[in-house]
There are 2 protein chains.
Amino acid sequence: MSSIAQRPQRADARRNREKILAAASVAFAESGLEAQVEDIARRAGVGVGTVYRHFPTKEALVEALAAEHFEDLAAIAEAALEEQGDAWEVFAGAVWRSANAAAADVAWCEIIGGHPTAVQAASRGRQRLAGAMTTLIGRAQAAGLMRADATVDDVRTIMCGFGHVAAAQRAGGALDWERYLEIALDGLRAR
Amino acid sequence: MSSIAQRPQRADARRNREKILAAASVAFAESGLEAQVEDIARRAGVGVGTVYRHFPTKEALVEALAAEHFEDLAAIAEAALEEQGDAWEVFAGAVWRSANAAAADVAWCEIIGGHPTAVQAASRGRQRLAGAMTTLIGRAQAAGLMRADATVDDVRTIMCGFGHVAAAQRAGGALDWERYLEIALDGLRAR
DNA sequence: CGTTAAGATGAGGTCCGGTTCCGCTTGGTG
DNA sequence: CACCAAGCGGAACCGGACCTCATCTTAACG
């Protein structure tokens, strides 16, 4: 059973996998999750067949990138755990940093906004993110700076709205995601 | 030139137009704007060709319904203009009523959320809505109950987020649009 | 009741985008 | 260097959704 010690992946294959991931990242950032597989292949300089050799389905590609993004968000939140000072500012800073990271990337906005495919996957990063956020929220509440009934889900909900506002803004709507966050975070503050 | 006084539209045609509009309304409410033309035709009890006779394109159908929805929202806001009492409560009440009207209708959420097609159209209703909202906001600010820098665009932004949160909620996410609105509106309140 | 043009129909055209598949290429190994 | 399986390419396939059109139906009017 455990004789799966096959010959390791060929070097060019490993390289192609990376190229595809990078190309997909760019394409999705520009065009959102409806970017086309053929476009991704072209950017990566490979044929569509190669993309499908590495990722059985377009959805798998999306999941891989979504997982990556959630890991990034988790890293931001975990870094905030180390910060000293006003607990509200630490929390809000983490949210702002997350938003800034995501805002320029259409697909990232869609993922945060709750795109069905992305919601399933990325459980590991999402859990790390939720864990760190819970702590940040707890501290801000303990300091009396955040409304006592706030939960991680509230933050998730706000970030869902954020994702779509940012996406709509990039699509040309006269919206402003920074303003959105300002208001929404104010709504989480203690009165 | 002005001899366009053709024979009036046939009675069955007028009836069919209404049936199509009603069917589309239901289908879109259930499945969102990606509901299929064939499904709409089936619900209306007509052939697809008939749908296309009345609406040159699916987009035209969406626009017609979007316009209707914005008129409804405008009516809600204008009704609020007549209300007496706490200016903040009047404003918030109008927003809550709008949200309640839209929340059960997937397409309505998508439209409010800033669906590209819908944004173009419906200019008349949107203007009425914006006008009434501006007055409501002004009154609440004059009473010192709303943050002084709030604008109609802020409300639009919040409602964009709302639309998507509500849509995501219907799609199964563990989100809660009522909680969302509670927080967002709190963010608009004067401190 | 006959005539006519508006209206209805729905099978099929067309386009689009994900996925497959088979013949060719190539890195790795003996 | 010879060999071969892993890997690659991209034309073809396929399903799904919007839309068209040639043919049939019927409301309206004299």
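A, B, ... follow the sequence lines: proteins, then strands. Residue 1 opens every chain.
We find that CG of D39(A) is positioned 14 Å from C1' of dG18(C), with the value rounded to whole Å. For R17(A) and dG27(C), the CZ to P distance is 20 Å, given to the nearest whole Å. The CZ atom of R15(A) sits 13 Å away from the P atom of dT26(C) (whole-angstrom rounding). At whole-Å resolution of the value, OH in Y52(B) and C1' in dC19(D) are 5 Å apart. Summarising the geometry, the separation between CD1 on I40(A) and C1' on dG18(C) is reported as 11 Å, rounded to the nearest angstrom. The CD atom of E59(A) sits 14 Å away from the C1' atom of dT19(C) (whole-angstrom rounding). We find that NZ of K19(B) is positioned 15 Å from P of dG7(C), with the value rounded to whole Å. One interatomic measurement links the two molecules: CZ of R53(A) to C1' of dA6(D), which rounds to 6 Å at whole-angstrom precision.
Within a 6.0 Å sphere centred on CD of E38(B), other residues, nucleotides and ligands contribute 12 heavy atoms or fewer.
Although no hydrogens or angles enter the test, the distance criterion places no donor-acceptor pair under 3.5 Å between the side chain of K19(B) and the main chain of V46(B). Not a single donor-acceptor pair under 3.5 Å links the side chain of R42(B) to the backbone N or O of G47(B).
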Whether each nucleotide of nucleotides 9-17 of chain D has a protein heavy atom under 4.0 Å at its base (B), only at its sugar-phosphate (S) or at neither (-) is summarised, 5' to 3', as BBB-----S

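With values rounded to the nearest 0.5 angstrom, E71(B) atom CD is found 8.5 Å from E78(B) atom CD.
Residues meeting the side-chain contact (heavy atoms from CB on, under 4.5 Å) test with F55(B), sequence neighbours left out: R17(B), I20(B), L21(B), A60(B), L61(B), A64(B). Contacts of S31(B) classified as side-chain contact (heavy atoms from CB on, under 4.5 Å), with partners at least two apart in sequence or in another chain: A35(B).
Taking side-chain N and O atoms only, H54(A) has a distance below 4.0 Å to OP1 or OP2 of dC8(D). At dC19(D), one or more side-chain N or O atoms of T57(B) fall inside 4.0 Å of OP1 or OP2 (strictly under the cut-off).
Screening residues 127-178 of chain B for ring-ring contact (aromatic ring centres under 6.0 Å, His included) gives H164(A)-H164(B), F162(B)-W177(B) as the qualifying pairs, with residues at least two apart or on separate chains. Residue pairs meeting the salt bridge (charged side-chain N to carboxylate O under 4.0 Å, His left out) criterion with at least one member in residues 161-184 of chain B, sequence neighbours excluded: R147(A)-E182(B), D149(A)-R179(B), D154(A)-R179(B), R179(B)-E182(B).
Looking at E83(A) and E89(A), their side chains never come closer than 4.5 Å, going by heavy atoms from C-beta outward.
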Can you pull every protein N or O that's under 3.5 Å from an N or O on nucleotides 28-30 of chain D?
| unit_1 | atom_1 | unit_2 | atom_2 | d |
| --- | --- | --- | --- | --- |
| dA28(D) | OP1 | A11(B) | N | 3.0 |

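Judged by closest nucleotide on DNA chain D, A13(A) is the one of P56(B) and A13(A) placed further toward the 5' end.
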